[in-house]
Amino acid sequence: VSAADAFLGKSSSTVGGRSDAVRVDVSRLSLSPAVTKDTSVTDLYVEVDLFGLGDPASLRTKPLKKAATVDFGYTYSVGVAPGSKAQAELSNALRSADEQDADVYFALKTRGASGERELGQGYVNLRNLLRDQRDIRSTDVKLQSAQGSAGTLTVSVLALEALRAA
């Protein structure tokens with residue numbers, strides 16, 4: 001996947017017929033009533049943790065104004081070429097003794113006068129994706145915190161071919 005194709009969010013399955021990429025889409029966020037009512041929360045964004053894959057600065061949605069429902073319209077794709085460092089990272093995550101090492105985390109955050117604050121976190125497990133032999137498409141992920149539910153985030157994780165190759 002070229003840098004331009006990754007920037008445009010094209011998964012490698014649409015680029016030259018190759019399927020050596022991990023693509024993450026973050027679309028609709030439905031906030032819990034508690035977060036909707038919280039006046040200290042004004043802007044919202046999501047950080048994606050791909051266990052070392054990709055550029056951390058690019059793994060964040062643009063901040064959007066709080067509403068009961070928000071559409072981030074975010075896509076990120078990272079190439080996982082055979083023999084690459086990215087493929088080794090993916091392989092290590094899948095083979096780790098700790099199943100959480102294969103989680104793609106989605107953290108809902110806000111930034112206010114007191115600084116950055118995490119409102120909730122959810123995940124998709126890549127081992128489950130590989131076991132079920134299917135990509136995750138427009139699936140609701142519950143965002144949890146110590147205070148309870150922060151809402152539900154609709155995500156897609158398209159990585160099956162890259163996982164098979166790892």
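- Within the structure, the salt bridge (charged side-chain N to carboxylate O under 4.0 Å, His left out) test picks out no pair touching residues 82-100 (sequence neighbours left out).
- Contact between A166 and S91 at its shortest, heavy atoms only, is O-OG, 3.4 Å.
- Side-chain atoms of S27 and D25 form no donor-acceptor pair, as typed in the model, at a separation below 3.5 Å.
- Applying the salt bridge (Lys or Arg N to Asp or Glu O under 4.0 Å) rule to K62 yields no partners; only residues at least two apart in sequence or on another chain are considered.
- Under the side chain to side chain contact (heavy atoms under 4.5 Å, CB included) test applied with V46, the options V26, V24, L59 reduce to a single match, V26.
- Under the rule for a side-chain hydrogen bond (donor to acceptor under 3.5 Å, both in side chains), the partners of N128 that lie at least two apart in sequence or sit in another chain are R131.
- T152 places no side-chain N or O within donor-acceptor distance of the main-chain N or O of S30, the cut-off being under 3.5 Å.
- Residue N125 holds its CG atom at 8.5 Å from CG of L94, rounded to the nearest 0.5 Å.
- Using a 4.5 Å cut-off on side-chain heavy atoms (C-beta onward), D55 and Y76 make contact.
- With contacts defined as side-chain heavy-atom distances shorter than 4.5 Å, the pair S149/L143 does not qualify.
- A salt bridge links E116 to R60: at least one charged side-chain nitrogen sits closer than 4.0 Å to a carboxylate oxygen.
- Within the 3.5 Å criterion, the main-chain N or O of S32 finds a donor-acceptor partner in the side chain of T36.
- Looking at Q121 and Q144, their side chains never come closer than 4.5 Å, going by heavy atoms from C-beta outward.
- Panel note: side chain K142, backbone G151; no donor-acceptor pair is recorded below 3.5 Å.
- Annotation for R127 and A102: closest pair CG-CB, 3.9 Å, computed over non-hydrogen atoms.
- Within the 4.5 Å cutoff, side-chain heavy atoms of L108 are placed close to those of L44.
- Between the OG atom in S40 and the CG atom in L119 there is a gap of 8.0 Å [rounded to 0.5 Å].
- Hydrophobic clustering of Ile, Leu, Val, Met, Phe, Trp and Tyr side chains at less than 4.5 Å, counting indirect connections, keeps Y74 apart from Y45.
- Residues L90 and L126 are in side-chain contact: their nearest non-hydrogen atoms beyond the backbone lie under 4.5 Å apart.
- For the pair R23/V157, no side-chain contact is recorded, criterion being any heavy-atom separation below 4.5 Å from C-beta on.
- Closest heavy-atom contact between D38 and R117: OD2-NH2, 3.6 Å.
- Other members of the hydrophobic cluster containing Y123, listed by chain and number, are Y105; membership follows side-chain contacts under 4.5 Å among ILVMFWY residues, whether direct or relayed.
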I would like to know whether R137 and L158 meet side-chain contact (heavy atoms from CB on, under 4.5 Å); could you show each step before the answer? CA-CA 7 Å; R137 297 179 190 272; L158 309 177; 3.6 Å; yes

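- A pairwise comparison of heavy atoms in V80 and A162 identifies CB-CB, 4.3 Å as the closest pair.
- Partners of R28 by salt bridge (Lys or Arg N to Asp or Glu O under 4.0 Å), not counting sequence neighbours: none found.
- Put simply, the side chain of V124 reaches to within 4.5 Å of the side chain of V141, judged on heavy atoms.
- Looking only at distances, a side-chain donor or acceptor of D135 sits under 3.5 Å from a matching main-chain atom of A159.
- Of the candidates I136, L53, V155, L50, V104 forms a side chain to side chain contact (heavy atoms under 4.5 Å, CB included) with just one, namely L50.
- Across L31 and K66, no two heavy atoms sit closer than the pair CD1-CG, 3.6 Å.
- Taking the side chain as every heavy atom from C-beta outward, E118 and S145 never approach each other to under 4.5 Å.
- S84 contributes a side-chain N or O that, together with a main-chain N or O of A81, makes up a donor-acceptor pair within less than 3.5 Å.
- In this structure, CG on L130 lies 8.0 Å from CZ on R164, to the nearest 0.5 angstrom.
- Within the model, atoms CZ of R134 and CG of L129 stand 7.0 Å from one another, a figure rounded to the nearest 0.5 Å.
- Side-chain atoms of D140 and T154 include a donor-acceptor pair closer than 3.5 Å.
- Every residue two or more places apart in sequence or in another chain that forms a salt bridge (Lys or Arg N to Asp or Glu O under 4.0 Å) with D43 is listed here: K65.
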